[in-house]
Amino acid sequence: MYQIKNRIYLDFDKTQKTAICNYLRALVKQHPEFSCDDIFQKFVEDEKYYLELDASRFPYLKDKLDDVQFLNDTKEYIKECIKYYKYKESQRPIIEAQKEFEKKKRKFLQEVKMSKEPPTKKQLYYYDKLCKRYNIEKKDEKEFSKLDLKNEIERIINEHSEDCKIID
């Protein structure tokens with residue numbers, strides 16, 4: 001899509017070209033179900049309408065809307081935008097799988113890091129309070145890593161959460 005920008009709208013300056021391209025790309029993104037001709041027709045109709053009202057974003061298109069070169073460039077760019085968004089949509093499952101993999105990788109690396117660190121004072125205090133509350137014999141805290149203590153606290157809470165539920 002980026003190579004085509006160098007070949008189209010050669011008689012416009014850089015800001016004009018960018019404005020039209022951004023607008024067309026947004027139009028394609030808004031209406032993925034439309035064909036190239038439908039999007040082109042909508043663009044031309046909208047521009048003619050706004051030019052009649054004297055409220056166009058692109059006042060420099062007044063003389064260009066009927067120009068064959070402008071029409072060909074516009075259709076060519078719309079086709080490229082449609083291809084780009086179809087490709088992007090086809091890549092969505094791959095990108096989602098990659099994000100999920102990265103999420104699992106970060107969690108694994110966090111657990112590895114936690115397994116090498118000593119438990120925090122808050123963890124030790126919370127573990128101590130849980131053991132007292134549920135009359136559980138405490139294990140030697142020096143054996144625990146941060147991850148081990150976290151898992152032990154979760155186990156205690158899950159085990160005794162059944163006791164706290166209200167039975168109908």
Spacing of [X] atom [atom1] and [Y] atom [atom2] [to the nearest 0.5 Å]:
X: Leu147; Y: Glu117; atom1: CG; atom2: CD; value: 10.0 Å
X: Ser115; Y: Lys150; atom1: OG; atom2: NZ; value: 11.5 Å
X: Phe101; Y: Arg106; atom1: CZ; atom2: CZ; value: 11.0 Å
X: Ile4; Y: Lys79; atom1: CD1; atom2: NZ; value: 9.5 Å
X: Leu130; Y: Glu152; atom1: CG; atom2: CD; value: 9.5 Å
X: Ile39; Y: Leu24; atom1: CD1; atom2: CG; value: 9.0 Å

Looking at every heavy atom in both [X] and [Y], which two are closest together, and how far apart are they?
X: Arg25; Y: Tyr85; result: CG-OH, 3.2 Å
X: Pro119; Y: Ser145; result: CD-C, 4.1 Å
X: Cys36; Y: Ile78; result: SG-CG2, 3.8 Å

Determine, using the 4.5 Å side-chain heavy-atom cutoff (strictly less than), whether [X] and [Y] are members of one ILVMFWY cluster.
X: Met114; Y: Leu124; value: no
X: Tyr125; Y: Tyr134; value: no
X: Phe40; Y: Leu27; value: yes
X: Ile153; Y: Phe144; value: yes

Legend entry - Pairs involving residues 8-35, ordered by first then second residue, that meet ring pair (Phe, Tyr, Trp, His ring centres under 6.0 Å) (sequence neighbours left out):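 Applying ring pair (Phe, Tyr, Trp, His ring centres under 6.0 Å) to every pair that reaches into residues 8-35, excluding sequence neighbours, yields Tyr9-Phe12, Tyr9-Phe70, Phe12-Tyr60, Tyr23-Phe43, Tyr23-Phe58, His31-Phe34.
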Inset, instruction - Kindly indicate whether the side chain of Tyr126, heavy atoms from C-beta on, has any atom under 4.5 Å from the side chain of Ile157. - result: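 When only atoms from C-beta onward are counted, Ile157 and Tyr126 do touch, with a gap below 4.5 Å.
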Inset, instruction - Flag the pair Asp11 / Lys64 as yes when at least one side-chain heavy-atom distance between them is below 4.5 Å, and no otherwise. - result: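 When only atoms from C-beta onward are counted, Lys64 and Asp11 do touch, with a gap below 4.5 Å.
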Considering only NZ, NE, NH1 and NH2 on the basic side and carboxylate oxygens on the acidic side, decide whether [X] and [Y] come within less than 4.0 Å.
X: Arg7; Y: Asp73; result: no
X: Asp128; Y: Lys132; result: yes
X: Glu52; Y: Lys48; result: no

Legend entry - For Leu51, side-chain contact (heavy atoms from CB on, under 4.5 Å) partners two or more places apart: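 With sequence neighbours excluded, Leu51 shows a side-chain contact (heavy atoms from CB on, under 4.5 Å) to Ser56, Lys62, Leu65, given in chain and number order.
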Inset, instruction - Go through Val44 and Thr74 one step at a time and tell me if the side-chain contact (heavy atoms from CB on, under 4.5 Å) criterion holds. - result: CA-CA 10 Å; Val44 171; Thr74 304; over 6 Å; no
Distance-only donor-acceptor hits, side chain of residues 90-99, under 3.5 Å, sequence neighbours excluded:
from: Ser90; atom 1: OG; to: Tyr87; atom 2: O; distance (Å): 2.6
from: Arg92; atom 1: NE; to: Glu89; atom 2: OE2; distance (Å): 3.2
from: Arg92; atom 1: NH2; to: Glu89; atom 2: OE1; distance (Å): 3.1
from: Gln98; atom 1: NE2; to: Glu102; atom 2: OE2; distance (Å): 3.4

Would you say [atom1] of [X] has more than 12 non-hydrogen atoms from neighbouring residues, nucleotides or ligands within 6.0 angstrom?
X: Lys17; atom1: NZ; answer: yes
X: Glu137; atom1: CD; answer: no
X: Asp54; atom1: CG; answer: no

Under 3.5 Å, is there a donor-acceptor pair between the side chain of [X] and the main chain of [Y]?
X: Thr18; Y: Thr15; answer: no
X: Gln123; Y: Lys146; answer: yes
X: Tyr127; Y: Lys138; answer: no

Inset, instruction - Verify the distance criterion only: is there a donor paired with an acceptor across the side chains of Asn158 and Arg155 at less than 3.5 Å? - result: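 No - no donor-acceptor pair under 3.5 Å links their side chains.
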